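To start, the structure under review is shown below, and the notes come after it.
We count residues from 1, following the sequence as given. Just so you know, these numbers come straight off a predicted model, no measurement behind them. Every number for a ligand or one of its atoms is a count from 1 in the order of the listing.
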Amino acid sequence: MSAERFEALKALNGTLTFEEPLKGHTSFKIGGPAEAFFVPETEEALKKAVAFAKTNGIPCRILGNGSNLLVSDDGVRGLVIMLSGGLTALETTGDGRIFSAAGVSLKRLCVFALEQGLTGLEFAYGIPGSVGGAVYMNAGAYGGEIKTVLSSVRVLDPATGEITELDAGDLDISYRHTPFMTNGLIITGAAFRLEAGDRTEIRAKMDELLGRRKASQPLTFPSAGSTFKRPKNGYAAAMIDECGLKGFSVGGAEVSTKHAGFVVNKGDATCKDVLAVIDGVRKTVLEQKETVLETEVEIWE
Ligand SMILES: Cc1cc2nc3c(=O)[nH]c(=O)nc-3n(C[C@H](O)[C@H](O)[C@H](O)COP(=O)(O)OP(=O)(O)OC[C@H]3O[C@@H](n4cnc5c(N)ncnc54)[C@H](O)[C@@H]3O)c2cc1C
């Protein structure tokens, strides 16, 4: 494939590269090249890039921080637009609300809320995603979830090129489920409704939760966090552990010996290795626990 068909993107405000290795943009450190890879600096550039892809029939995918993604070893054809590092506006509206562009990291958002003396986002400190990615999948941890603090979502509709604000109350959001997983809208930003709090207490809560993460999660190996969603009848990690699958490996991919809910990359894992581990785990858990495990990690094949 040639770069010429993406020529028009060069004029947009952003960074355009070709055959960009996606392993450099995913927390799993896995993934082949993106045919074209664009990081827009502005919402307008994003809008134009998406319109360009639509007009020319080029498949277009949105990447946040790549922390919930498993990308094929062959990479992906078409255009990948990464919002992390580009769309990074962050501001308080003074009434307990914060507006964040989609490319802001959750860590930055949480620290900003702390600086403003606003409480409600402490649970998200330590989740290594972008605001867009977190809204997309209703990220959550330690009893909190994005849904509870979300006020509105700013979206770009690739079909019409229009940007609108959606009231969070009108959205059907539940555990690791949002309409964005199926409706094709691109999240360009979100507003969060928080409450006034004590900075020392907010900081202490953030530190405590980060400490719990470090103690329980295999953070020294690349991964995409919890591989599977929580099934209705229990916890995926506990079931995988009870099936004796800690340490189960294929190639460089392994069910973490520290936390059975994570598949980790021990150094040279391929996408195929990870998929084989996922497959093996799902089969054993189905046999022994009569439970179907659904992947939480998104797969780009
Ligand atoms: C060590 C570790 C710990 C983790 N802990 C947690 C945890 O406690 N709780 C939790 O919920 N998750 C956790 N995760 C998973 C991950 O961090 C979250 O799912 C996060 O919200 C993903 O955001 P992202 O920006 O990295 O999304 P990406 O991985 O880049 O993308 C994921 C999906 O979202 C879509 N997407 C991203 N941005 C947008 C956008 N702006 N508009 C439309 N679609 C978009 C992508 O197309 C893709 O389909 C963890 C991951 C790791 C590696």
Side-chain angles (χ1 to χ4, degrees), residues 22 25-31 34 39-40 43 46 50 59-71 76 78-88 100-110 121-147 150 153-158 163 166 173 175-190 209-210 212-214 216-230 237 256 258-259 261-265 274 295-301:
L22 290 175
H25 300 285
T26 61
S27 58
F28 242 141
K29 301 291 169 230
I30 292 173
V39 185
E43 196 179 64
L46 165 68
V50 169
C60 176
R61 299 169 193 256
I62 301 297
L63 179 66
N65 230 13
S67 65
N68 198 37
L69 267 189
L70 177 61
V71 178
V76 291
L79 176 64
V80 171
I81 301 181
M82 185 171 86
L83 301 189
S84 277
L87 300 188
T88 55
S100 169
V104 172
S105 72
L106 278 182
K107 183 178 180 188
R108 177 74 195 105
L109 173 66
C110 293
L121 271 167
E122 294 86 331
F123 75 88
Y125 190 60
I127 300 178
S130 65
V131 165
V135 171
Y136 171 90
M137 61 101 64
N138 186 25
Y142 302 112
E145 56 180 351
I146 289 292
K147 177 187 174 170
L150 193 63
V153 187
R154 189 172 165 87
V155 292
L156 166 64
D157 185 346
I163 289 183
L166 307 176
I173 301 181
Y175 170 72
R176 302 298 181 269
H177 169 84
T178 73
F180 306 112
M181 292 167 142
T182 48
N183 66 13
L185 297 179
I186 297 170
I187 299 153
T188 68
L209 296 183
L210 194 62
R212 283 168 68 178
R213 259 175 206 282
K214 284 182 181 161
S216 66
Q217 298 182 358
L219 301 182
T220 50
F221 292 107
S223 79
S226 297
T227 313
F228 302 100
K229 289 184 188 170
R230 195 171 60 219
S256 165
K258 186 170 180 181
H259 189 311
F262 283 53
V263 173
V264 292
N265 176 356
V274 177
T295 48
E296 178 166 318
V297 171
E298 299 253 335
I299 301 166
W300 283 5
E301 286 187 282

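Counting heavy atoms of neighbouring residues, nucleotides and ligands inside a 6.0 Å radius, atom NZ of Lys214 does not exceed 12 of them. More than 12 heavy atoms of other residues, nucleotides or ligands sit less than 6.0 Å from atom NZ of Lys229.
Counting heavy atoms from C-beta outward, Asp157 and Val155 have side chains that stay 4.5 Å or more apart.
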When you pair each N or O of ligand 1 with protein N or O atoms, which pairs come out under 3.5 Å?
| unit_1 | atom_1 | unit_2 | atom_2 | d |
| --- | --- | --- | --- | --- |
| ligand 1 | 5 (N) | Arg213 | NH1 | 3.2 |
| ligand 1 | 8 (O) | Arg213 | NH1 | 3.3 |
| ligand 1 | 8 (O) | Arg213 | NH2 | 2.9 |
| ligand 1 | 9 (N) | Gly140 | O | 2.6 |
| ligand 1 | 11 (O) | Gly140 | N | 3.0 |
| ligand 1 | 11 (O) | Gly140 | O | 3.4 |
| ligand 1 | 17 (O) | Ser67 | OG | 2.7 |
| ligand 1 | 21 (O) | Gly133 | O | 3.4 |
| ligand 1 | 21 (O) | Ala134 | N | 3.4 |
| ligand 1 | 25 (O) | Asn65 | N | 2.8 |
| ligand 1 | 25 (O) | Ser130 | N | 2.9 |
| ligand 1 | 25 (O) | Ser130 | OG | 2.6 |
| ligand 1 | 26 (O) | Asn65 | N | 3.3 |
| ligand 1 | 26 (O) | Gly66 | N | 3.2 |
| ligand 1 | 26 (O) | Ser67 | N | 2.8 |
| ligand 1 | 26 (O) | Ser67 | OG | 2.6 |
| ligand 1 | 29 (O) | Ser67 | N | 3.1 |
| ligand 1 | 29 (O) | Asn68 | N | 2.8 |
| ligand 1 | 30 (O) | Gly64 | N | 2.7 |
| ligand 1 | 30 (O) | Asn65 | N | 3.3 |
| ligand 1 | 30 (O) | Gly66 | N | 2.8 |
| ligand 1 | 38 (N) | Gly133 | N | 3.4 |
| ligand 1 | 41 (N) | Ile187 | O | 2.8 |
| ligand 1 | 42 (N) | Ile187 | N | 2.9 |
| ligand 1 | 47 (O) | Ile62 | O | 2.6 |
| ligand 1 | 49 (O) | Glu298 | OE1 | 3.1 |

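The side-chain hydrogen bond (donor to acceptor under 3.5 Å, both in side chains) with Asn65 is formed by just one residue from the set Ser130, Ser84, Ser27; it is Ser84. The side chain to side chain contact (heavy atoms under 4.5 Å, CB included) test with Leu156 singles out one residue from Ile186, Leu185, Ile187, and that residue is Ile186.
For Thr188 and Glu43, the side-chain atoms include at least one donor-acceptor pair closer than 3.5 Å.
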